[in-house]
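Report on the following structure.
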Amino acid sequence: MHDLVDRLRGTLLPAVVTPMDERGVVAYDALEAYAARIAAGPVGGLAVWAHTGRGLHLSDDDRARVLSTWRQATSAPIVAGVGVPRSAAAATLAEAADETVAMAVRAAGLGADAVMVYPLAALGGEPDGHAQAVRLHQRVAAESGLPLVGFYLHGEAGGYPYPPELIRDLLALPAMLGVKTATLDSAIGCQDAIWAGRGTGKLAITGEDRMFGPSFMWGADTALVGIAAAQVELSARVLDAWTARDHARFVEASDRLDRFAAATFYAPIEGYVQRMLWAAVWEGLLPEAAAHDPYGPALPPSERDLVIGCLKELRAAAAL
C-alpha cells in the first residue's frame, strides 16, 4: 500500500480555484496570496488542475506555473487532475488517452505527488469501456510514475457512472490510492461507489459537496472537494467531528456546510465555480479583479447576493 494512503486518510484536500481576470488571464499575484492562505489551513493536501480550478482549460504554460506556485506554497501532497475537457469531444479515444498520459507526465515533472484521472466520457458507451478505463489508469501510472486517484464524475460536469465492478478493478491496481466519488446528486450512486471499495484498504474519497456529511456516514474517509476552495475551515470541521465520533458536533457542522452548499451548488451546476470565487472574495481570499470564471455560465447578480447572504448568516450565527 502506498504511504500516501495513510498520509491522506482522514484529511481534507481542497480542489482549489484558479484566480483569473475578466479576460481569463491567470492572476498570479492573487494566486500566490490565495495559495499561502489555503495551504496554511487545516488541509492534508491540495488538488490542482481540478474541475474547480478549470485545470483542463488552462494552457500548458499556465498549468505549469499554477502547479509550481502551489508547490512553492506547501510541502503537503499535491494531487493534479489529468484528462481532456469535454470541448475536446471530437478527439478520438486514443488521442484523449495520449493527452491524459502526457498531462500526468508533466505533472510528475512539476512536483505533483499524485494524479487524479478524469473519466473519459466516451468510454461509458464503449462495449469494452471497462477494460479501456483500467488500461488507461495502468498506463498513466506506468508512464508518470505517480500514484493515482480515480475520479467517478457524473452529471452536468461530465463523466459517466462508474459501476461498482469498475471501481473494484481500479482499486485493485497497485498504484491506486482511492477513488473520488462526485455523483453531485445521486445518493444511490454515491453509496454504491463508496461501498464498492470496502475491504480494499484504499481511500474512500468524497467529492460530494451537496452530500458531504452523509457521504462520511456511508463510508467515505477522506475529502477532495471544491466547496473547500472558499471554505476550508467549514469543511474541515465536518470531517474532524466525524473522525472524532463527536456526533452532536458533526450534525451542527454538517448543517452549516449544507447551508453554504445549497447557496453554491445548484443548477446550473457549472456555475458553482463562479459562486466559489464570489465567496472567496467575501472571505478576503481573493481580490475582486481576480474572481472571474470565463468557462462557466453567466449568472445573475441575485446569485451572488444569495452566496453573500448565506455567508453573513453563518458568520452571525457563529458569533452567538
Side-chain angles (χ1 to χ4, degrees), residues 10-17 19 30 33-44 46-47 50-53 182 184-185 187 190 206-217 220 222-288 290-293 296 299-320:
T11 70
L12 171 69
L13 292 83
V16 293
V17 296
Y34 171 70
R37 288 279 301 276
I38 297 297
V43 301
L46 290 309
H51 191 266
T52 309
L184 303 181
D185 59 4
C190 178
T206 182
E208 304 289 3
D209 305 271
R210 284 298 297 262
M211 299 183 289
F212 193 70
S215 66
F216 291 117
M217 292 188 283
T222 305
L224 194 165
V225 285
I227 199 168
Q231 286 295 330
V232 170
E233 289 79 8
L234 200 61
S235 305
R237 288 190 195 109
V238 180
L239 177 54
D240 291 346
W242 177 254
T243 302
R245 293 297 187 259
D246 187 338
H247 295 155
R249 185 161 59 93
F250 172 73
V251 170
E252 180 182 2
S254 290
D255 175 69
R256 290 172 57 80
L257 187 65
D258 285 347
R259 288 160 63 188
F260 179 61
T264 49
F265 284 83
Y266 57 90
I269 288 293
E270 280 292 283
Y272 88 87
V273 175
Q274 182 61 68
R275 299 176 195 123
M276 283 299 116
L277 290 165
W278 288 334
V281 170
W282 192 82
E283 294 287 359
L285 296 170
L286 290 176
E288 182 72 38
H292 299 273
D293 175 27
L299 303 176
S302 60
E303 294 201 8
R304 182 170 192 161
D305 294 341
L306 180 64
V307 173
I308 303 310
C310 174
L311 291 171
K312 288 180 177 178
E313 290 177 5
L314 290 172
R315 184 168 293 184
L320 295 178

Legend entry - Minimum side-chain heavy-atom gap Trp278-Glu283 below 4.5 Å: no
Inset, instruction - Compare all side-chain heavy atoms of Phe250 with those of Asp240 and state whether any distance is below 4.5 angstrom. - result: no
Inset, instruction - Calculate, to the nearest 0.5 Å, the distance between atoms CG and CG belonging to Asp258 and Asp209 respectively. - result: 10.5 Å
Inset, instruction - Just do the salt bridge (Lys or Arg N to Asp or Glu O under 4.0 Å) check on Glu252 and Arg259 with the steps written out, would you? - result: CA-CA 11 Å; Glu252 180 182 2; Arg259 288 160 63 188; over 6 Å; no
Legend entry - Nearest atoms (heavy-atom pairs only) where Gly284 meets Arg37: O-NH1, 3.2 Å
Inset, instruction - Output the distance between atom CE (Met276) and atom CZ (Phe260), rounded to the nearest 0.5 Å. - result: 3.5 Å
Inset, instruction - Scan side-chain atoms only and decide if Glu270 and His51 contain a donor-acceptor pair under the 3.5 Å cut-off. - result: yes
Inset, instruction - Taking the side chain as every heavy atom from C-beta outward, state whether Leu234 and Arg256 have any pair of such atoms under 4.5 Å apart. - result: yes
Legend entry - Closest non-hydrogen atom pair between Leu299 and Pro268, with its separation: CD2-CG, 4.1 Å
Inset, instruction - Answer yes or no on whether Arg275 is positioned over the face of Tyr266, meaning its NZ or CZ is under 6.0 Å from the six-membered ring centre and within 45° of the axis. - result: yes
Legend entry - Basic-acidic side-chain contact under 4.0 Å: Arg315, Glu233: no
Inset, instruction - Could you tell me the separation between the CH2 atom of Trp282 and the NZ atom of Lys312, rounded to the nearest 0.5 Å? - result: 7.5 Å
Inset, instruction - Answer yes or no: is there a side-chain heavy-atom contact under 4.5 Å between Leu239 and Pro42? - result: no
Inset, instruction - State, without any angle test, whether Glu303 and Gln274 hold a side-chain donor-acceptor pair at a distance under 3.5 Å. - result: no
Legend entry - Side-chain donor or acceptor of Arg237 paired with backbone N/O of Leu257 under 3.5 Å: no
Legend entry - Non-hydrogen side-chain atoms of Leu286 and Val17 separated by less than 4.5 Å: yes
Inset, instruction - State which residue, out of Leu12, Thr206, Leu13, fulfils the side-chain contact (heavy atoms from CB on, under 4.5 Å) condition with Thr222. - result: Leu13
Inset, instruction - For Pro14 and Val232, work out which heavy atoms get closest and say how close. - result: CG-CG2, 4.0 Å
Legend entry - Side chain proximity check, Tyr272 to Ile227, heavy atoms < 4.5 angstrom: no
Inset, instruction - Mind listing the closest non-hydrogen atom pair of Ala15 and Ala229 along with its distance? - result: O-CB, 3.4 Å
Legend entry - Main-chain N/O of Ala241 paired with Asp246 side-chain donor or acceptor, under 3.5 Å: no
Legend entry - side-chain contact (heavy atoms from CB on, under 4.5 Å) partners of Ala187, counting only residues at least two apart: Met211, Trp218
Legend entry - Val43 side chain near Thr11 side chain, heavy-atom distance below 4.5 Å: no
Legend entry - Close side-chain approach of Ile38 and Val16, heavy atoms under 4.5 Å: yes
Inset, instruction - Quick one: pull up OG in Ser235 and CZ in Phe212 and give me the separation to the nearest 0.5 Å. - result: 5.0 Å
Inset, instruction - For residues Val281 and Pro287, report the shortest heavy-atom separation together with the two atoms involved. - result: CG2-O, 3.9 Å
Legend entry - Smallest separation among heavy atoms of Ala47 and Leu224, with atom names: CB-CD2, 3.6 Å
